[in-house]
Each structure stands twice: as structure tokens, then as C-alpha cells.
2 protein chains.
Amino acid sequence: MIFSKSFGYALQGVLYVALLSDGRDRIQLDEIARILMVPRYFLGKIMNRLGKEGILISVKGHNGGFGISETTFKTPLLTLAELTGDMVQLDSCVLKSRTCNNLNPCPLHHKIEPLREEWKKLLAGTTIGDLVKGRNPDFIRSISAI
Amino acid sequence: MIFSKSFGYALQGVLYVALLSDGRDRIQLDEIARILMVPRYFLGKIMNRLGKEGILISVKGHNGGFGISETTFKTPLLTLAELTGDMVQLDSCVLKSRTCNNLNPCPLHHKIEPLREEWKKLLAGTTIGDLVKGRNPDFIRSISAI
DNA sequence: AGCTCAAAAGACCTTCATGTCCTTTATGGG
DNA sequence: CCCATAAAGGACATGAAGGTCTTTTGAGCT
Ligand code: FES
Ligand code: FES
């Protein structure tokens, strides 16, 4: 699996909030999970971590919900991938019983390393803002289930 | 996880047999699992499938074990990855609740598609023979656990 | 034919990511 | 101050991948 479900859901959740939190106050988990057709409580745990990291604002209670913070749009996808543990997987050796190691490389190491670098460049170089820039709320269609 | 354990073990197993089945008759699962430090019975199931696909020869009973077939060296890594289900994962949309689709792409689709193509090119263009060519049995060190 | 060896087959267990539910905590409105 | 609301927290369930064990099958040897 290239990316975990957690990563995919996290990205969908952030994009949803980033797109719609414009005129509105807060967006509730209920709505996000329903529209994106993502398991509600599972998404809740992920959104929770995004809040803790400051990637989103999360407010409990009356008129609570999720919203964008100062860092939301500046957050690179790499941060999400680290949060969900996807980066350690990317760096693990293809031959699973080994530890990836430049000095004692497996036969695929030197072929794979450049690909890894490209992934990292993509993830580090793409922010939530980049993905949302210039999009209208109709863009939700392209992040929700088909 | 970029590649599954099954894929890694499969690759290790094939490489081991490809490297050592030169002067010898057959190589037993016992030896392969012990040297590579890979779970024996789990590897057994994987080697079984490699035999069924003709990627390796497998012989039961007295003087049985695994050996190379006519296709072993010509087998691209893509075949192994397909066997272990890793390719369907590569082609699945990052936003897990979606189906990857060129016509209705998610915001990451066009950024990820080229990377996927590179992976596929690497996997399709690299054969077991390529990885083993010109290597002596000492090369086992680079495919076994560290 | 009968024995032995080694893979195949299939039952079963473990682990971990994912997913659900229920209770607690925090927030704002009346 | 009390109530409604919505996230947080933690207990528990599920499913798929990974891993182990035992029995069966097939091949060669004598
Ligand atoms: S990928 Fe195998 S050693 Fe780096
Ligand atoms: S990767 Fe999302 S639609 Fe293709």
C-alpha cells in the first residue's frame, strides 16, 4: 500500500475543512464524515491528531467543530504522512528482513532510492494550500467518494 | 507500505535460488528460510506460488526442493509484485474512499501518476537476471538480513 | 512395494490497522 | 447555573496480512 487509509482520510478531512471553512464558523465531524463517506469515529481520531499538531483548529462544545489555523495552508503533505507513519514505511528496505542501508545496500537499493527522493520531493513540496488554491466549493466532488 | 512483506520475501527467495542453483541440484526451503532469516512456512506458501507460476521449479520428495526454470531469469519484478497483490495497491487512489480515475481525478492524481509510471517502468524493466548477473554467491550477504 | 524426504495443503493463531461504540470533557447559550 | 452540543478519550470489535503447525501428497531410493 503506497499510502495508508489514515493518510488518505487525513488529507480528505483537511481539504474539506480548508475548502469550506471560508464564510463559515466551524465544520462538524458529522458533516465531514457523511459527505466524504469516511468512517466517522475513525476520522474523528485522525482529526483529533491534526488538531493537536495545530494543522487544524478544533473546538469542543456548542458551535464547536473544526476550522483552519494559520498553518493549515502552509502544511506540506509530508507532515500528514509523518503523522500517519507512512514515511517510515517509505524508507524501509524492499527486502523486508533487512534494514535499508547505503553502505550495505540490497540489489534494489540504488534503483529505488531515486524514486523515494521523488516521492519525498512531491510530499514536501506540496502544501494543502497548493491543492486548494483557486478551487471553489464544488471541488469537494473531487475529494469525496465516487 | 511501499511493498508488502510477501513481495520482499518472494524476491529474496527467488534471488537465493537464482544465485546458488548453479552447480547444485535443488535447494530446500529449510536452507533458504534459515539463511535469509525469513519465516519458514510463510516463505513456503510464497515459494509455492512461484512454482505454480513457473517462475521457479519445485520438486517434492527425495532430492526435491527449488530450482531455476527457463523463465526465472527473464521474470520481471512486476510479475512478483502482481503475484503478491502489490500492483493493485499502487494503482489505488490516495484518497482511499475513491476509485482512481483519470476522468474525475482527485487533487493529487496528476502529481502521482508520473511517479506510478516510474515505479512500473522500474518493476517491468528489471528482471531477476538483471539483479543476479555477474554476482558471485557471496552476493547472498546483500539479500539476507542485517 | 515400502520407506524417506521435501513440498503442498489446509487449519489455526497473532498482530496490527482499521472501525465502532460509549463515556467524559469542554464550550457556549439560555 | 444548567443544558445542549460536539470533540476527546478509551474500551472493544473486525479484517486482512503475516506467521505457525500438522497432515497429506508426490517423488525417488532400496
Ligand atoms: S532498499 Fe534495500 S538496502 Fe535500501
Ligand atoms: S490518485 Fe486519486 S484519482 Fe487517481
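Lettering follows sequence order; numbering is per chain, from 1.
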| message | If you take any heavy atom closer than 4.0 Å to DNA chain C, which residues from residues 42-60 of chain B end up in contact? | response | B:Lys45, B:Asn48, B:Lys52, B:Ser58, B:Val59, B:Lys60
| message | Does any part of the side chain of B:Ile2, heavy atoms only, come nearer than 4.5 Å to the side chain of A:Gln89, both counted from C-beta? | response | no
| said: In whole Å, I'd like the distance from the NZ atom of B:Lys5 to the C1' atom of D:dA16. | reply: 14 Å
| Within the distance-only criterion (no hydrogens, no angle test), does the side chain of A:Ser58 pair as donor or acceptor with the backbone N or O of A:Gly51 below 3.5 angstrom? | no
| request: Provide, to the nearest angstrom, the distance between the CZ atom belonging to B:Phe7 and the P atom belonging to D:dA17. | output: 16 Å
| If you measure from the Lys or Arg side-chain nitrogens to the Asp or Glu carboxylate oxygens, is any gap between A:Arg34 and A:Glu31 under 4.0 Å? | no
| Can you tell me how far P of D:dG18 sits from CD of A:Gln89, to the nearest Å? | 11 Å
| message | Any carboxylate oxygen within less than 4.0 angstrom of a Lys/Arg side-chain nitrogen, looking at A:Arg116 and A:Glu113? | response | yes
| task | Classify the nucleic acid contact of B:Tyr9 as base, sugar-phosphate or nothing, counting any heavy atom under 4.0 Å across all strands shown. | result | sugar-phosphate
| Closer than 4.0 Å, any side-chain N/O of A:Ser6 to the OP1 or OP2 of C:dA17? | no
| message | Between the side chains of B:Lys74 and B:Asp130, is the shortest nitrogen-to-carboxylate-oxygen separation below 4.0 Å, so that they form an ion pair? | response | no
| message | With nearest nucleotide decided by heavy atoms, which residue, A:Val38 or A:Asn63, maps closer to the 5′ end of DNA chain C? | response | A:Val38
| query | Excluding sequence neighbours, so at least two apart, what forms side chain to side chain contact (heavy atoms under 4.5 Å, CB included) with B:Ile57? | reply | B:Arg26, B:Val59, B:Ser69
| remark: When rounded to whole Å, the CZ to P distance for the pair B:Arg26 and D:dC29 reads 12 Å
| said: What I want to check is whether the side chains of B:Thr84 and B:Asp86 have a donor and an acceptor closer together than 3.5 Å. | reply: yes
| task | Would you mind reading off the distance between B:Arg34 atom CZ and C:dA6 atom P, rounded to a whole angstrom? | result | 12 Å
| field | A:Tyr41 OH to D:dA7 P, straight-line distance once rounded to whole Å | value | 11 Å
| query | Tell me, do B:Thr127 and B:Phe73 make a side-chain contact under 4.5 Å, heavy atoms counted? | reply | no
| task | Rounded to the nearest angstrom, tell me the gap between atom CD in A:Gln28 and atom C1' in D:dA6. | result | 7 Å
| request: Using a cut-off of 6.0 Å, state whether more than 12 heavy atoms not belonging to A:Asp138 lie near its atom CG. | output: yes
| field | Protein-nucleotide distance (B:Gln12, atom CD; D:dG18, atom P), rounded to Å | value | 13 Å
| query | Which of residues 64-75 of chain B have a heavy atom under 4.0 Å from DNA chain D? | reply | none
